[in-house]
Amino acid sequence: MAHSINEETETTTAIPLLRRNWWWFQVPSTIKLKTSLSSELSGAVGDLGTYIPIVLALSLVNSLDLTTTLVFTALYNIATGLLFGLPMPVQPMKSIAAVAISESPPLSIPQISAAGLSVAAVLLFLGATGLMSFLYRYLPLPVVRGVQLSQGLSFAMSAIKYIRYQQDLATQTSGAARSWLALDGLLVALAATLFLILTTGAGVDEHRAAESTQREESDETDSPNKTSHSRIHRRIRFLSNIPSALLVFLFGLVICFISDPSIFGDLKFGPSKIALIKITWDDLKIGFFRAAIPQIPLSVLNSVIAVCKLSGDLFPGKGEASVMKVSVSVGLMNFVGCWFGAMPCCHGAGGLAGQYRFGGRSGASVVFLGLAKLILALVFGNSFGRILGQFPIGILGVLLLFAGIELAMASRDMNSKEESFVMFVCAAVSLTGNSAALGFIVGIVLYLLLKFRELDCGACFGFSTSTTRKVKDEEASLIGN
């Protein structure tokens with residue numbers, strides 16, 4: 001009897017001790033898998049259609065250190081995954097990259113870093129003071145949707161160019177049309193597109209999927225109609241669990257080595273040295289006026305406001321990401337990495353749409369991507385650029401196409417003709433003027449004009465309709481008397 005009591009005492013005391021010893025092993029809730037592991041891994045590569053071309057172009061033209069950029073973007077990915085619990089992307093600041101590549105002579109790394117630090121200071125100030133939250137709260141939804149639509153269509157049009165034409169990333173120009181049968185030809189891109197359509201369809205509609213599951217569970221009959229629906233549902237669920245984007249990306253890596261086997265001999269193990277860079281006053285002036293000024297409105301609109309709005313659309317149960325957190329996050333990332341010459345980065349709505357489109361549903365998706373970048377940086381260093389240089393641009397175009405369409409489809413919730421009118425005008429001006437800021441300004445002016453048109457001017461000046469009618473009635477009674 002005493003022996004059994006002692007055993008029970010040891011058992012009850014051992015369990016709490018075990019839990020205390022293994023508390024660190026518990027996975028944070030922000031990176032717990034919301035779907036299957038394969039879906040999260042597939043979503044991890046959803047934004048590489050924009051990441052790889054820009055990083056490769058900067059490394060070729062501006063001598064960007066690939067090890068530094070891979071290490072810091074890896075750390076950004078891991079931190080944002082843990083912080084937001086969403087597949088929050090880390091993407092290059094596109095306007096800064098475009099200016100840095102196209103300027104003659106190209107911007108130096110200190111000038112690019114100065115531009116990134118300038119944008120970071122603005123976003124950090126707006127986020128910390130609450131001004132970004134104020135702007136987000138009162139910004140008309142049709143204008144936000146117009147910015148999202150223009151960015152999505154811009155990605156889609158760039159993707160079609162990647163697929164159809166040879167690309168010179170160093171000069172950011174398109175060349176001759178691609179042949180059908182080459183390793184990076186139209187046939188390969190078309191096969192990848194068809195594979196992604198068959199496996200992912202038009203994208204997962206969470207509401208329709210939940211309704212379909214509930215309908216199946218509530219229908220207790222064994223009718224042929226139910227059997228058919230159940231069979232179709234199982235097939236679609238099986239196809240959706242295939243890590244399609246990951247398989248397409250791995251297929252692209254295989255093509256790299258097939259097209260140029262000499263890559264094996266050019267790979268060198270070990271990272272390059274990461275060091276602080278020196279930014280002069282001249283670098284700061286050039287970086288700010290040439291690259292930061294056009295980037296600031298794009299970062300405010302697409303990297304913060306559009307991202308937060310899109311996060312609420314894609315994850316309605318979780319709610320929108322905090323505007324303050326997203327803005328401060330972009331600021332802090334660049335205040336750390338830009339001093340070491342890392343590529344200026346932000347959170348992009350297109351990247352979030354792409355990672356969601358291919359299965360990313362939690363912070364685990366971008367954490368996996370960050371770990372992969374970190375391993376590649378530490379193992380291959382700058383020689384990894386040799387692989388990126390041979391990666392099929394057509395396949396990157398396919399991934400970018402799906403990401404762009406997913407972002408553009410977020411604008412489908414405009415319920416009135418007036419809202420759609422503002423959205424389409426904003427998108428059209430943004431696309432044709434190649435400026436999200438210009439489209440934003442036109443959209444705001446148009447929205448205010450439409451609201452002013454519907455105002456009751458009499459009420460604005462203190463004369464309501466009822467008051468005017470009362471005055472007229474009194475005048476009529478006086479005349480009658």
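Nothing here was measured: the structure is a model prediction, and the numbers come from that model.
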| Steps toward salt bridge (Lys or Arg N to Asp or Glu O under 4.0 Å) verdict (E103, R290) | CA-CA 9 Å; E103 283 283 308; R290 292 189 186 177; 3.2 Å; yes
| Which is it for R357 and D47 under the salt bridge (Lys or Arg N to Asp or Glu O under 4.0 Å) test, yes or no, and what are the steps along the way? | CA-CA 10 Å; R357 179 66 172 75; D47 72 333; over 6 Å; no
| query | How long is the gap from CG on L371 to CG on L75, to the nearest 0.5 Å? | reply | 10.0 Å
| task | Evaluate the salt bridge (Lys or Arg N to Asp or Glu O under 4.0 Å) criterion for residues D413 and R145: first the C-alpha distance (whole Å), next the side-chain angles of each, then the deciding distance (0.1 Å), finally the verdict. | result | CA-CA 9 Å; D413 62 347; R145 293 299 189 223; 2.8 Å; yes
| request: Give the minimum heavy-atom separation between S362 and L33, together with the two atoms involved. | output: OG-CA, 4.2 Å
| query | Between the main-chain N or O of M324 and the side-chain N or O of S327, is there a donor-acceptor pair closer than 3.5 Å? | reply | no
| said: Test: ring pair (Phe, Tyr, Trp, His ring centres under 6.0 Å). Region: residues 111-146. Which pairs qualify, not counting sequence neighbours? | reply: F134-Y138
| task | Quick one: sort the F358 and F402 rings into parallel, tilted or perpendicular, breaks at 30° and 60°. | result | tilted
| said: How long is the straight-line distance from CG of L41 back to CG of L246, given to the nearest 0.5 Å? | reply: 6.0 Å
| task | Over all heavy atoms of both residues, which pair between A436 and L298 is shortest? Give the atoms and the distance, please. | result | CB-CD1, 3.9 Å
| request: Evaluate the side-chain hydrogen bond (donor to acceptor under 3.5 Å, both in side chains) criterion for residues D266 and S383: first the C-alpha distance (whole Å), next the side-chain angles of each, then the deciding distance (0.1 Å), finally the verdict. | output: CA-CA 7 Å; D266 294 336; S383 66; over 6 Å; no
| message | If I take atom OG from residue S118 and atom CD1 from residue I296, how far apart are they, to the nearest 0.5 angstrom? | response | 7.0 Å
| field | Verdict with reasoning, K309 to L141, per side-chain contact (heavy atoms from CB on, under 4.5 Å) | value | CA-CA 9 Å; K309 182 61 68 177; L141 180 60; 3.8 Å; yes
| said: Counting neighbours of CZ on F421 that are heavy atoms of other residues, nucleotides or ligands and sit closer than 6.0 Å, is the number greater than 12? | reply: no
| remark: Correct closest heavy-atom pair for Q355 and A44 would be NE2-O, 3.7 Å
| query | Testing F335, F340, W339 for ring-ring contact (aromatic ring centres under 6.0 Å, His included) with F72, which one passes? | reply | F340
| What distance do L247 atom CG and S42 atom OG have between them, rounded to the nearest 0.5 Å? | 7.5 Å
| Whether D184 side chain and I393 backbone form a donor-acceptor pair below 3.5 Å | yes
| Where P89 and H347 come nearest, the two heavy atoms and their spacing | O-ND1, 2.7 Å
| query | For A408, does its backbone N or O pair with a side-chain atom of S411 as donor and acceptor, under 3.5 Å? | reply | yes
| Value rounded to 0.5 Å, distance of CG in L352 from CG in D313 | 9.5 Å
| query | Does S262 offer a backbone N or O that forms a donor-acceptor pair with the side chain of D260 under 3.5 Å? | reply | yes
| field | For T73, side-chain hydrogen bond (donor to acceptor under 3.5 Å, both in side chains) partners two or more places apart | value | Y51
| query | Judged by atom type as modelled, is there a donor-acceptor pair below 3.5 Å linking the side chain of S311 to the main-chain atoms of C308? | reply | yes
| said: Tell me if a side-chain donor or acceptor on S420 pairs with a main-chain N or O of K417 at a distance below 3.5 Å. | reply: no
| query | Taking all atoms of both residues into account, what is the closest heavy-atom pair of L56 and L388, and its distance? | reply | CD2-O, 3.4 Å
| query | Does NZ or CZ of R361 fall inside the cone over Y356's six-membered ring, less than 6.0 Å from its centre and within 45° of the axis? | reply | yes
| query | Does E40 offer a backbone N or O that forms a donor-acceptor pair with the side chain of S365 under 3.5 Å? | reply | yes
| request: Provide the closest heavy-atom pair for R178 versus G394 in the form atom of the first, atom of the second, distance. | output: NH2-N, 3.9 Å
| task | Just do the side-chain contact (heavy atoms from CB on, under 4.5 Å) check on S244 and F195 with the steps written out, would you? | result | CA-CA 8 Å; S244 51; F195 174 69; 3.7 Å; yes
| said: Would you say CZ of F251 has more than 12 non-hydrogen atoms from neighbouring residues, nucleotides or ligands within 6.0 angstrom? | reply: no
| request: Please check if the side chain of N62 supplies one atom and the backbone of L107 the other of a donor-acceptor pair under 3.5 Å. | output: yes
| request: Say whether, by atom type as modelled, one donor and one acceptor occur between the side chain of Q295 and the main chain of A291 under 3.5 angstrom. | output: no
| query | Aromatic rings F380 and F384: how do their planes relate, parallel, tilted or perpendicular, breaks at 30° and 60°? | reply | parallel
| task | Go through the steps to decide whether K278 and D283 satisfy the test side-chain contact (heavy atoms from CB on, under 4.5 Å), and finish with yes or no. | result | CA-CA 9 Å; K278 182 180 179 181; D283 293 332; over 6 Å; no
| query | side-chain contact (heavy atoms from CB on, under 4.5 Å) between F440 and L139: does it pass, once the steps are laid out? | reply | CA-CA 10 Å; F440 170 78; L139 196 63; 3.2 Å; yes
| query | Is there a donor-acceptor pair under 3.5 Å between the side chain of N382 and the backbone N or O of T67? | reply | yes
